[in-house]
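Each chain gets a letter, A, B and so on, in the order the sequences are listed, and its residues count up from 1.
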Amino acid sequence: MIEEDWNAEIGDEALLRSLEKVSLLERPNDPSSVFSPSVDSFDTDEFVNTQHQPVSSFGRGRNFAAKGFQEGNGEDALPQNRGFKGFGQGFHERNAVDGASTQNRGFKGFRGGFGQGARDGQRGIPQSGALRESGSLADGAGFQEGNGEDALPQNRGFKGFRGGFGQGTKGGQGDIPQSGTPSSRERGTLTDGAGPKVTYVPPPPPDDEEAIFARYQTGMNFDKYDENVVEVSGLDPPAALMSFADTNMCHTLTVNIAKAGYSKPTPVQKYSIPIILAGRDLMACAQTGSGKTAAFLVPVVAQMMRDGVTASSFKEQQEPECIITAPTRELVNQIFLEARKFVYGTCIRPVVIYGGTQTDYSIRQVKQGCNILCATPGRLLDIIGRGKIGLHNVKYLVLDEADRMLDMGFGADMKKLVSFPDMPQKDKRQTLMFSATFPEEVQRLAGEFLKTDFLFVVVGHVGGACSDVQQNILQVSQYFKRDKLIEILHSIGNERTLVFVDTKKKADFIACFLCQENIPATSIHGDREQREREIALRDFRSGKCPVLVATSVAARGLDIESVQHVINFDLPSTIEEYVHRIGRTGRCGNTGKAVGFFDNNSDGHLAQPLIKVLSDNYRGRGSVNAGEVRMECSAREIESWD
DNA sequence: AAAAAAT
């Protein structure tokens with residue numbers, strides 16, 4: 001009810017500004033140069049809030065945020081003076097007055113208002129956030145480092161915000177020299193290119209056998225994958241295999257497959273593996289969570305074992321046999337971790353490189369030997385351009401989430417990749433593409449990368465949603481989404497839930513809001529530093545933060561155990577993205593639930609495709625159960641809105 | 001319109 005008040009009072013424009021405000025508070029600063037509270041300044045209650053750094057960074061952040069939003073108390077609302085700048089006179093009337101008059105009080109109000117500020121007053125800027133993430137609480141060193149340097153971190157954060165979020169268009173104060181956070185610089189949204197270097201080096205993955213082969217349980221519907229109709233188009237497809245033992249894979253690989261917990265191949269594996277082993281190009285489409293990664297890794301590793309690889313040794317330029325690329329950093333990392341299982345005990349060395357980390361670190365990893373390179377496009381092209389990767393030895397080029405890799409955002413990079421003079425022509429390499437969705441126009445683009453006799457495997461139908469995900473669509477208008485979200489989260493208890501929103505700042509805002517409501521949440525999006533993204537994901541995986549609020553950065557490929565719910569707080573703009581997002585649950589034969597908030601004002605274009613996706617699965621099941629009846633109702637409901 | 005991906 002409080003929330004309803006809130007909504008009624010501040011209205012749309014003010015809501016957006018509030019979002020900006022929260023984002024300002026949350027803007028990660030360079031973690032090494034910010035103040036942060038010491039661990040003992042948190043009591044248990046507050047510790048919950050540390051789940052999301054914006055709030056945690058304030059210690060009493062919950063009160064802060066509550067006042068800021070609900071009472072419009074300027075002093076509390078904008079503890080950093082940068083905040084006032086950010087809003088200018090535009091902030092909600094009630095705040096505008098306070099805002100103007102307290103502009104220079106920012107620090108004071110803040111320090112006085114929040115515990116840790118008083119204790120560490122000399123450091124000035126508490127919000128700092130960046131490493132206030134739960135994990136960083138243990139990171140005593142990080143805290144200490146902040147001393148003394150942070151005289152003006154708030155200004156930096158502010159600029160970073162303008163530059164990073166405004167993308168040069170909304171900033172309105174573009175004259176401010178932008179140094180920004182590392183993440184805001186990464187995408188080249190800033191013009192001056194100055195600022196601190198990206199120094200992040202990811203923690204090394206655990207390398208004991210048990211950790212490498214860690215996996216989660218297949219679900220009760222695993223065997224139902226076989227009910228899918230599989231269609232293979234193209235000339236002379238090889239026969240599907242029935243079990244992993246049907247191939248002549250070397251003993252080590254067979255053992256690794258078993259250790260990794262793969263006992264029976266899924267349809268996409270049954271068909272893709274022999275096709276790849278036969279040296280054919282492949283475009284494969286299969287529902288989310290049905291084992292596409294192993295469908296290309298297993299045969300690629302098998303071939304490499306059969307043909308031999310360049311022994312790993314230190315060299316300035318490495319010549320990988322296989323390049324795997326995917327649209328997000330976390331996803332390439334996940335593919336890398338999966339590859340480590342299959343190559344265990346062999347001489348094949350997989351390497352992962354991606355942006356947001358020290359380039360030198362990526363280069364060091366590559367130099368030590370590289371047979372399978374997992375990379376995001378930008379860092380890949382960068383490293384190739386620096387001469388660290390020779391392409392002439394590439395036998396396998398894998399595009400995971402291929403439709404995404406070929407469309408607008410990445411298509412040019414992929415063309416660049418295959419256009420390097422030493423990249424083998426398509427008839428001299430194997431090109432493999434995998435995705436759960438593949439719009440026809442992108443299928444046509446794909447042809448340019450594939451041999452003319454490539455095979456096209458479709459499990460179920462192209463773009464179909466995973467049938468183990470029970471889908472519901474609720475009509476919820478903009479202003480009631482948060483109420484509905486809270487209601488749902490309370491009703492499902494502590495189960496792992498992924499909440500998708502449409503913008504980066506809203507991701508922070510909603511995560512912040514949930515923390516205020518005592519629901520430990522964190523966020524992941526492209527304006528967070530890579531370290532923060534990885535901590536957020538780790539905390540979500542571990543259950544420390546059972547709710548992760550994300551932009552589409554987390555829509556594809558991420559395989560997180562026991563995500564029971566996906567909530568599309570904002571529906572995505574395309575049906576493909578919807579299918580991928582809900583596919584974060586219901587993986588590997590497990591069941592999951594998805595709820596989408598359908599807002600008539602913004603989601604009208606999705607109505608028809610949603611009906612199709614929902615009704616396809618309804619028919620696919622053959623029998624009617626409660627869930628599916630609801631699903632059908634949902635579909636009809638949507639139709640009537642149109 | 002937003003998001004992602006190198007610096």
Side-chain angles (χ1 to χ4, degrees), chain A residues 16 19 23 163-170 178-200 324-333 352-363 366 374-386 388-389 399-417 478 500-509 523-530 533 549-558 568-574 576-578 580-581 599 601-606:
Chain A
L16 286 176
L19 289 175
S23 298
F165 280 90
Q167 299 189 341
T169 55
K170 290 182 198 161
Q178 296 165 323
S179 52
T181 61
S183 49
S184 65
R185 275 178 280 109
E186 280 162 24
R187 306 289 353 135
T189 52
L190 302 182
T191 50
D192 63 0
K197 255 186 97 163
V198 173
T199 56
Y200 178 55
I324 301 169
T325 175
T328 66
R329 298 163 181 177
E330 288 75 16
L331 183 52
V332 291
N333 196 42
V352 65
I353 59 172
Y354 50 85
T357 61
Q358 232 182 58
T359 309
D360 281 353
Y361 172 74
S362 293
I363 293 172
V366 167
C374 310
T376 45
R379 181 57 60 96
L380 177 61
L381 295 176
D382 183 14
I383 299 285
I384 295 171
R386 290 164 188 253
K388 302 303 173 188
I389 295 287
L399 273 53
D400 199 10
E401 308 296 344
D403 55 332
R404 184 77 186 81
M405 299 310 288
L406 292 171
D407 81 5
M408 275 190 5
F410 294 108
D413 283 349
M414 291 302 100
K415 281 199 178 141
K416 218 178 279 178
L417 177 61
Q478 193 76 266
F500 283 104
V501 296
D502 59 3
T503 66
K504 291 178 277 202
K505 46 189 175 185
K506 203 191 277 187
D508 281 344
F509 173 58
S523 70
I524 186 166
H525 58 72
D527 271 349
R528 297 201 77 183
E529 288 175 18
Q530 191 55 31
R533 287 168 59 158
V549 187
T551 59
S552 280
V553 71
R556 285 175 177 257
L558 295 186
N568 275 299
F569 187 91
D570 299 311
L571 283 163
S573 55
T574 66
E576 287 80 19
E577 204 72 355
Y578 172 81
H580 285 281
R581 283 183 180 186
D599 179 355
N601 294 317
S602 51
D603 303 324
H605 65 284
L606 264 187

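Rounded to an integer number of Å, the gap from CD of Glu401(A) to P of dA3(B) is 19 Å. Atom pair Leu606(A):CG and dA1(B):C1' shows a separation of 14 Å (rounding to whole Å applied). Atom CZ in Arg404(A) sits about 15 Å away from atom P in dA2(B), given to the nearest Å. For the pair Asp502(A) CG and dA4(B) P, the computed distance is 11 Å after rounding to whole Å. Taking atom CZ of Arg581(A) as the reference point, atom P of dA4(B) lies 11 Å away to the nearest angstrom. Rounded to an integer number of Å, the gap from CD of Glu577(A) to P of dA1(B) is 18 Å. Ile389(A) has its CD1 atom 15 Å from the C1' atom of dA6(B), to the nearest Å. The separation between Leu331(A) atom CG and dA4(B) atom P is 14 Å, rounded to whole Å.
Closest to the side chain of Thr328(A), from the set dT7(B), dA4(B), dA2(B), is dA4(B). With dA6(B), dA3(B), dA2(B) as the candidates, the nucleotide lying closest to the side chain of Asp382(A) is dA6(B). For Arg379(A), whose side chain is taken as the heavy atoms from C-beta onward, the closest listed nucleotide among dA4(B), dT7(B), dA1(B) is dT7(B).
Regarding contacts with the backbone of dA2(B), every side-chain N or O of Thr551(A) stays at 4.0 angstrom or more from both OP1 and OP2. A sub-4.0 Å separation between OP1 or OP2 of dA2(B) and a side-chain N or O of Lys505(A) is absent. Listed pair Thr376(A) / dA6(B) meets the phosphate criterion, a side-chain N or O lying under 4.0 Å from OP1 or OP2.
Residue Asp570(A) holds its CG atom at 8.0 Å from CG of Asp603(A), rounded to the nearest 0.5 Å.
The existence of a salt bridge linking Asp382(A) and Arg386(A) is confirmed by a sub-4.0 Å separation between a basic side-chain nitrogen and an acidic carboxylate oxygen. Here Asp403(A) pairs with Arg556(A) in a salt bridge; the nearest charged N to carboxylate O distance falls below 4.0 Å.
Remark: side-chain polar atoms of Asn333(A) are not paired, donor with acceptor, to backbone N or O of Arg329(A) under 3.5 angstrom. Side-chain N or O atoms of Thr325(A) include one that pairs as donor or acceptor with a backbone N or O of Ala375(A) at under 3.5 Å.
With hydrogens and angles ignored, no donor-acceptor pair closer than 3.5 Å exists between the side chain of Arg329(A) and the base of dA4(B).
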